[in-house]
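Working notes for the structure below.
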2 protein chains.
Amino acid sequence: MKTADVAVIGGSAAGLMAALTVKKRYPDKKIVVIRNVSKTPVPCGIPYIYGILKDVGKNIIQDQGFLDKGIDIITLEVASVDRSRKIIKFVDNSTLGYDKLILGVGSKPFMPPMPGINLKNVFAVSKEPEHLQKLYNALKNAKNVVVIGGGFIGVEMAEQVAKMGGAASKDHICSTQDSGSSVQVTVVEMLPHCLMLACEEQYCVEAENELGKMGITVLTNRQVKSMEGNGTVSVVTLNTGETLAADLVIIGIGAVPNIELAEKMGLKADPRAGIAVNEYMQTEDPDIYAAGDCASKFSFITGKPTGIRLASVACSEGMIAASNLYKHTRKTFGALGAFATSVGNRCFAAAGLSTKSAADEGIDVIIGEAVAANRHPGGMPGCITDMKAKLLFRKDNGKIIGGHVSGGEAAADMVNILAVAIQRGLTAEELATMQYATHPMLTASPLFYHIMLAAENAAFELTK
Amino acid sequence: MKTADVAVIGGSAAGLMAALTVKKRYPDKKIVVIRNVSKTPVPCGIPYIYGILKDVGKNIIQDQGFLDKGIDIITLEVASVDRSRKIIKFVDNSTLGYDKLILGVGSKPFMPPMPGINLKNVFAVSKEPEHLQKLYNALKNAKNVVVIGGGFIGVEMAEQVAKMGGAASKDHICSTQDSGSSVQVTVVEMLPHCLMLACEEQYCVEAENELGKMGITVLTNRQVKSMEGNGTVSVVTLNTGETLAADLVIIGIGAVPNIELAEKMGLKADPRAGIAVNEYMQTEDPDIYAAGDCASKFSFITGKPTGIRLASVACSEGMIAASNLYKHTRKTFGALGAFATSVGNRCFAAAGLSTKSAADEGIDVIIGEAVAANRHPGGMPGCITDMKAKLLFRKDNGKIIGGHVSGGEAAADMVNILAVAIQRGLTAEELATMQYATHPMLTASPLFYHIMLAAENAAFELTK
């Protein structure tokens with residue numbers, strides 16, 4: 001029987017990070033990554049297949065870099081795992097023995113039990129290349145696309161499908177337009193705004209405005225009741241009674257952890273929370289760890305169970321799990337929620353809580369905001385005159401628990417400053433008086449660097 | 001006699017930040033900013049007047065925003081300050097009484113006592129609009145420009161002068177070429193590399209390569225011995241005996257604090273260190289504070305006196321000084337040194353110590369490095385496949401003391417993550433397992449986010 005010192009089931013973010021970490025920390029261990037897809041798409045890159053990359057094959061994580069490091073890859077579906085004998089059995093009846101096992105089996109799109117869900121041209125955004133290719137083929141002929149769900153995946157898919165149909169966006173210089181196509185895209189969101197689970201309401205409105213400028217219709221406060229069609233979807237009916245013409249529907253309303261294998265293995269797992277792990281990312285079985293979308297998580301800020309499933313969380317967890325295999329050295333401090341996206345001509349990023357989610361948690365906050373150009377002077381190339389930052393500090397201890405940025409491409413790394421600040425519990429006072437690198441071509445003026453300014457505004461409020 | 005509650009002498013970064021801070025914290029106080037230049041250029045924007053903005057007037061800090069906040073501005077040279085009577089006397093014999101005084105009088109370019117320094121067409125890079133206009137006029141006719149000094153100001157001036165002469169650079173889409181001009185630019189640097197006081201040697205080499213691609217000659221390990229010419233400079237002679245044709249010379253070899261006024265006032269000041277202040281940015285006179293380039297500073301990392309004169313330090317100090325005027329609430333923690341620049345097609349940023357400066361200080365370090373694309377997948381627009389990060393951690397306590405990034409425009413804010421990490425003493429372990437926002441259009445893959453990867457490499461070294 002073939003054996004591995006460490007077997008990793010799952011070849012996406014958590015699994016690959018776990019494999020890389022094992023190989024670094026225990027270079028003599030034999031590591032096998034097992035996956036059930038022919039190739040692994042870059043998960044966050046999936047929407048960009050359609051409007052920018054124009055090719056499913058351009059959004060694949062290349063195996064070679066992992067093979068070169070001595071990580072083996074097996075492309076086979078796992079049938080079962082015998083924990084007592086420590087043997088993985090595949091669907092072709094082959095087997096693999098293991099000493100330590102990491103489950104990074106991910107999540108799958110949530111498909112609501114809704115009339116019409118099985119009609120042709122109703123697509124989830126899954127992580128199988130063949131499925132993504134089918135979606136691409138169908139999109140090329142679609143005239144009316146309805147996207148159900150206005151979270152990150154829904155908004156990004158809507159933007160890219162519109163771009164596929166010729167809508168202008170900031171990377172128009174680099175993207176080529178599909179000849180002759182024209183598509184009407186509509187986003188249906190249950191909440192009052194798109195992106196609302198992560199972003200400040202005012203930035204959600206900005207994102208919706210960007211979608212609007214691209215010709216995308218955004219319908220909020222609405223739910224899809226049913227889809228109808230003669231074999232193929234043709235109409236989407238909303239709970240308001242409105243009907244939308246639709247020859248293609250994309251569903252992006254969240255993901256649910258893959259727990260079937262873990263349940264078969266007799267490991268504790270919950271359909272919503274995922275496979276139960278402790279802070280070392282260890283399951284009930286001391287030789288089995290889980291990380292990423294399939295693993296249970298708690299919020300860094302509230303300590304409560306959370307459904308934050310992000311590649312950044314998966315990577316952190318994969319690294320922690322792998323580091324702990326032979327000796328517990330690292331604990332997870334919980335999922336933070338650090339997001340970034342690009343919608344039309346603006347970028348949006350967020351870390352931690354929003355004003356709404358803080359209120360929902362009953363946490364009193366002091367807010368500091370700033371608006372300034374992202375270049376200095378304002379005539380420098382690439383200037384967005386109204387780049388914005390909004391920081392939330394706990395009223396009781398003054399520590400930052402949320403950070404939001406809207407504007408240029410630096411939004412992502414500006415929010416990473418805030419993500420680090422949240423993870424380390426910095427105060428407004430500290431963030432206000434820190435020294436930040438600035439440059440005319442790259443950032444706001446040092447007089448108006450957004451984080452400094454927003455923090456100083458909050459620091460002043462906290463002294464009142 | 002006119003009076004102000006708070007008088008600020010100096011209208012650039014430190015002075016303006018001080019005025020803004022007083023106005024926020026003490027809105028009822030009458031604040032006057034006094035300056036000796038007609039208008040205040042954006043200090044960091046000065047090089048970009050020449051290659052991008054093409055107009056000195058486009059690089060001016062607009063007064064209106066400050067006037068609108070109720071901050072008065074006086075454009076007059078100060079003749080003297082009577083500290084016992086708390087009266088400022090101007091060169092036109094007018095006076096202004098004050099209760100609290102902040103000195104933000106800045107620095108001036110260091111002009112070496114060198115043969116030929118007074119020849120025509122030998123320019124310092126000062127902060128007077130009229131002088132900058134003269135330089136612009138002279139550059140339009142220059143064919144051979146020698147830049148003495150390969151620090152930030154020298155490298156940026158060289159790049160922009162070359163661009164003025166038609167050299168291509170990444171913002172070529174936005175900039176217009178001066179018709180028919182053509183200029184040969186040479187940088188002379190005393191140290192083995194340009195930018196070496198702030199950046200890692202390998203990144204200095206990258207920056208020099210970028211300059212080379214723009215047709216700029218970089219001569220290192222050389223000093224200028226003299227300049228010659230018949231009234232106007234025509235030749236620069238180096239200590240190696242080499243001679244360079246030069247119809248225009250730009251000197252950018254550092255700045256010295258303006259201490260003349262402080263000395264006249266009887267305040268303790270040193271020609272190199274500047275006006276002596278305590279950690280509250282307070283001078284010997286309890287009612288007088290100093291901030292920015294003119295004020296003495298110590299290094300955040302070593303605690304020793306330092307010559308780090310940056311707008312970001314000035315802004316932090318201006319804010320601290322102003323906050324302390326009526327009650328000491330904030331201390332400076334020392335100058336960190338957080339830099340960013342753009343050279344040709346790459347950006348470079350640094351915070352804290354370099355490998356060399358750490359060695360000079362006798363600090364043993366563990367280094368973690370990472371190279372990865374700044375987009376994911378690599379086919380996304382704006383991808384720089386070899387963006388790099390290099391982090392330095394103290395061997396004794398594991399805390400980060402230096403961070404360096406080379407690559408795309410995010411370099412500045414990625415270094416700001418590291419600047420915050422340095423200021424808060426984060427470890428490699430902490431930076432490795434943190435969660436960072438990533439996005440295909442904006443950052444590296446979460447599997448290869450540069451800071452995480454470099455920190456994990458260092459964390460692993462530290463466990464050995």
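In this text the structure is predicted, and so the values were computed from the model without any measurement. Chain identifiers are assigned alphabetically (A, B, ...) following the order of the sequence lines, protein sequences preceding nucleic acid strands; residue numbering begins at 1 within each chain.
B:L53 touches chain A through its side chain: at least one heavy atom from C-beta onward sits under 4.5 Å away, while N, CA, C and O do not. Contact of B:F333 with chain A is made through the side chain alone, with heavy-atom distances under 4.5 Å. When heavy atoms are compared at a cutoff of 4.5 Å, B:A444 does not approach chain A at all. Residue B:A351 does not touch chain A at all, counting heavy-atom pairs closer than 4.5 Å. Only the side chain of B:V42 comes within contact range of chain A, judged by heavy atoms closer than 4.5 Å. With a 4.5 Å cut-off on non-hydrogen atoms, B:A349 does not touch chain A at all. Contacts between B:S445 and chain A at a heavy-atom distance below 4.5 Å are absent for every atom of the residue. Contact annotation for A:A18: neither backbone nor side-chain heavy atoms come within less than 4.5 Å of a heavy atom of chain B. B:A432 touches chain A through backbone and side chain together, each having a heavy atom under 4.5 Å away. Interface remark: B:M414 contributes backbone and side-chain atoms alike to the contact with chain A (heavy atom separation under 4.5 Å). In this structure, chain A has no heavy atom under 4.5 Å from any part of B:D55. Only the side chain of A:L20 comes within less than 4.5 Å of a heavy atom of chain B; its backbone N, CA, C and O stay farther away. For B:L418, no part lies near chain A; criterion is any non-hydrogen pair under 4.5 Å.
Once rounded to the nearest 0.5 Å, the distance linking CG of A:D413 with CD1 of B:I451 reads 6.5 Å. Expressed to the nearest 0.5 Å, how far CG of A:L453 lies from CE of B:M17 amounts to 7.0 Å. Atom CZ of A:F348 is separated from atom CG of B:L442 by 11.5 Å, given to the nearest 0.5 angstrom. Residue A:I417 holds its CD1 atom at 4.5 Å from CG of B:N416, rounded to the nearest 0.5 Å. Taken to the nearest 0.5 Å, the CD atom of A:E429 stands 6.5 Å off from the OG1 atom of B:T329.
For the pair A:K58/B:M380, no side-chain contact is recorded, criterion being any heavy-atom separation below 4.5 Å from C-beta on. Annotation: side chain of B:R424 is in contact with side chain of A:E430 (closest heavy-atom distance under 4.5 Å). Using a 4.5 Å cut-off on side-chain heavy atoms (C-beta onward), A:M434 and B:L336 make no contact.
Heavy-atom pairs under 4.5 Å with chain A were tallied for B:K464, B:Q423, B:M452, B:E156; the largest tally goes to B:Q423. Of the residues considered (A:A412, A:A419, A:C44), A:C44 shows the highest number of contacts with chain B, using heavy-atom pairs under 4.5 Å. The choice from B:L426, B:L310, B:V313, B:L16 that makes the most heavy-atom pairs within less than 4.5 Å of chain A is B:L426. Contact count against chain B (heavy-atom pairs under 4.5 Å) is highest for A:S316 among A:P47, A:S316, A:A421. Between chain B and the options A:V415, A:T341, A:V420, A:T438, heavy-atom pairs under 4.5 Å are most frequent for A:T341. Of the listed residues (B:N59, B:T21, B:T443), the greatest number of heavy-atom pairs within a distance under 4.5 Å of chain A belongs to B:N59. For the set B:P43, B:A335, B:A13, the count of heavy-atom pairs under 4.5 angstrom toward chain A peaks at B:A335. Between chain A and the options B:H376, B:Q62, B:E317, the largest number of non-hydrogen pairs under 4.5 Å is found for B:H376.
Listed by first and then second residue, the salt bridge (charged side-chain N to carboxylate O under 4.0 Å, His left out) pairs that reach into residues 446-457 of chain A are A:E456-B:R25, A:E456-B:R330, sequence neighbours excluded. Counting only residues at least two apart or on different chains, the ring-ring contact (aromatic ring centres under 6.0 Å, His included) pairs with a member in residues 421-457 of chain A are A:Y436-A:Y449, A:H439-B:Y48.
Taking every heavy atom of both residues into account, A:I320 and B:T433 meet most closely at CG1-CG2, 4.0 Å. Minimum heavy-atom separation, B:G45 to A:P377: CA-CD, 4.4 Å.
No donor-acceptor pair closer than 3.5 Å links the side chain of A:S312 to the backbone N or O of B:A437. A donor-acceptor distance shorter than 3.5 angstrom exists from the side chain of A:Q435 to the backbone of B:G334, with no hydrogens or angles considered.
Note on A:K24 versus B:E461: no salt bridge recorded, every NZ/NE/NH1/NH2 to OD/OE distance being 4.0 Å or above.
Enclosure of atom NZ in A:K23 by more than 12 non-hydrogen atoms of other residues, nucleotides or ligands within 6.0 angstrom is indicated.
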